[in-house]
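Quick notes on the structure that follows.
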Amino acid sequence: MSEEIKIDINELGEKVVTVIKTIFDPEIPVDIYELGLIYDVFVNEDYAVKVLMTLTTPNCPVAESLPLEVENKIKSIPLVTDAEVEITFDPPWTQELMSEEAKLELGML
């Protein structure tokens, strides 16, 4: 009987969030997680990850490259079998979605 490496899906989800926090918006010195661009992270039992995210505006200059960067960084996590990023503008991003940390960093508090 072969032993499979098992990992808690929540633990893998936390690793995904940690990786996402290394990706910064090129125009704002805050990571995209604290900025509120990540709406949800799903990890299924096959360790495939799906991220629901938005952009600050629909015509954001990194609309093409940022989702790809998120996908590639998630795929680089050991045990992740696949990664998909879905972009949505519903609800649209607002500054209210930013974390306290991001608001503090940008002098909004």
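Below, all heavy atoms of this structure are taken into account, side chains as well, without hydrogens, waters or symmetry copies. Predicted, not measured: the structure shown is a model, and the values here were computed from it.
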- Task: May I ask you to check whether Asn59 and Thr57 show a side-chain donor-acceptor distance below 3.5 Å?
- Result: yes

- Message: Does Lys73, at its NZ atom, have more than 12 non-hydrogen atoms belonging to other residues, nucleotides or ligands within less than 6.0 Å?
- Response: yes

- Would you say Ile9 and Val49 are hydrophobically clustered, going by side-chain heavy atoms of ILVMFWY under 4.5 Å? yes

- What's the spacing between Met98 CE and Thr56 OG1 if we round to 0.5 Å? 10.5 Å

- Query: When Tyr47 is tested against each of Leu12, Val80, Ile77 for side chain to side chain contact (heavy atoms under 4.5 Å, CB included), which residue passes?
  - Reply: Leu12

- Query: So, do Pro29 and Leu106 sit near enough that their side-chain heavy atoms are less than 4.5 Å apart?
  - Reply: yes

- Answer with yes or no whether the hydrophobic clustering places Leu52 together with Val70; edges join I, L, V, M, F, W, Y residues whose side-chain heavy atoms lie under 4.5 Å apart. yes

- Item | Linked, directly or transitively: Ile32 and Phe89 (ILVMFWY side chains, under 4.5 Å) | yes

- Say whether Val16 and Leu79 are linked into one hydrophobic cluster, either directly or through other cluster members, by side-chain heavy-atom distances under 4.5 angstrom. yes

- Path from Val17 to Val51 over hydrophobic side-chain contacts below 4.5 Å: yes

- Message: Given 3.5 Å as the limit, does a donor-acceptor pair link the side chain of Asp46 with the main chain of Ala48, or not?
- Response: no

- Query: Taking the side chain from Trp93 and the backbone from Leu35, do they hold a donor-acceptor pair closer than 3.5 Å?
  - Reply: yes

- Hey, what do you get for CD (Glu105) to CD (Glu100), rounding to the nearest 0.5 Å? 13.5 Å

- Determine the minimum heavy-atom distance between Glu86 and Lys50, stating which atoms define it. OE1-NZ, 2.8 Å

- Query: If we only count heavy atoms from C-beta on, is the Glu101 to Leu104 side-chain gap below 4.5 Å?
  - Reply: no

- Message: For a quick test of reading the model, state the closest non-hydrogen atom pair linking Ile38 to Met53 and the distance between them.
- Response: CD1-CB, 3.8 Å

- Item | Residue pair Phe24 / Thr22: nearest heavy atoms and the distance that separates them | CD1-O, 3.6 Å

- Which pair of non-hydrogen atoms, one from Leu55 and one from Leu37, has the smallest distance, and what is that distance? C-CD2, 3.9 Å

- Query: Backbone N or O of Val85 within a donor-acceptor pair of the Glu71 side chain at under 3.5 Å?
  - Reply: yes

- So do the side chains of Pro61 and Glu27 get within less than 4.5 Å of each other, counting heavy atoms only? yes

- Message: How close do Thr88 and Asp90 get, counting heavy atoms only, and between which atoms?
- Response: OG1-N, 3.1 Å

- Message: Nearest 0.5 Å, please: how far is NZ in Lys103 from CD in Gln95?
- Response: 8.0 Å

- Task: Could you check if a side-chain atom of Pro91 sits within less than 4.5 angstrom of a side-chain atom of Tyr39, using non-hydrogen atoms only?
- Result: yes

- Message: Show the nearest heavy-atom pair for residues Glu34 and Ala102, with the distance to one decimal.
- Response: O-CB, 3.4 Å

- Message: For Pro92, is there any backbone N or O sitting under 3.5 Å from a side-chain donor or acceptor partner on Thr54?
- Response: no

